[in-house]
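Take a look at the structure set out below.
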Amino acid sequence: MILRCIEEYSVKETAEILGVSESKVKVNTHRALKLVKEMMDDTEEGGFLNEWARG
């Protein structure tokens, strides 16, 4: 996520850095974004992120 979304490396660059296939980078990025979205949705309902933020 950091390489793709924050550092803005391409899929190819990220794959080379991590030593994995481009497909693996795409799948992992998709899964991570889905998880973040779910966590954000939970926040609105007082879920995981809300509990985590309270400590």
Side-chain angles (χ1 to χ4, degrees):
M1 286 298 300
I2 292 171
L3 293 174
R4 289 287 294 133
C5 297
I6 296 173
E7 298 295 331
E8 298 182 351
Y9 282 99
S10 69
V11 170
K12 183 176 182 177
E13 292 168 325
T14 302
E16 290 173 358
I17 291 168
L18 297 176
V20 298
S21 69
E22 291 181 34
S23 296
K24 177 80 170 160
V25 171
K26 291 176 186 179
V27 167
N28 286 350
T29 301
H30 174 75
R31 289 178 179 166
L33 289 172
K34 182 179 175 184
L35 180 60
V36 169
K37 182 186 180 307
E38 289 171 4
M39 292 169 72
M40 295 301 293
D41 289 345
D42 284 349
T43 299
E44 294 173 4
E45 300 169 8
F48 173 79
L49 285 181
N50 196 13
E51 292 295 322
W52 176 78
R54 285 190 232 163

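Partners of Glu13 according to the side-chain hydrogen bond (donor to acceptor under 3.5 Å, both in side chains) rule, which considers only residues two or more places apart in sequence or in another chain, are Ser10. Shown here are the side-chain contact (heavy atoms from CB on, under 4.5 Å) partners of Glu16, two or more places apart in sequence or in another chain: Lys12. Shown here are the side-chain contact (heavy atoms from CB on, under 4.5 Å) partners of Ile2, two or more places apart in sequence or in another chain: Ile6, Glu7. Applying the side-chain hydrogen bond (donor to acceptor under 3.5 Å, both in side chains) criterion to Thr29, with sequence neighbours excluded, gives no partner residue.
Through direct or indirect side-chain contacts shorter than 4.5 Å among Ile, Leu, Val, Met, Phe, Trp and Tyr, Leu33 is connected to Met1.
The distance from atom CG of Asn28 to atom OG1 of Thr14, rounded to the nearest 0.5 Å, is 11.0 Å. With rounding to the nearest 0.5 Å, the separation of CZ in Arg4 from CG in Leu18 is 11.0 Å.
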Tabulate below the donor-acceptor pairs under 3.5 Å that side-chain atoms of residues 19-26 make, not counting sequence neighbours, or state none.
from  : atom 1 : to    : atom 2 : distance (Å)
Ser21 : OG     : Lys24 : N      : 3.1

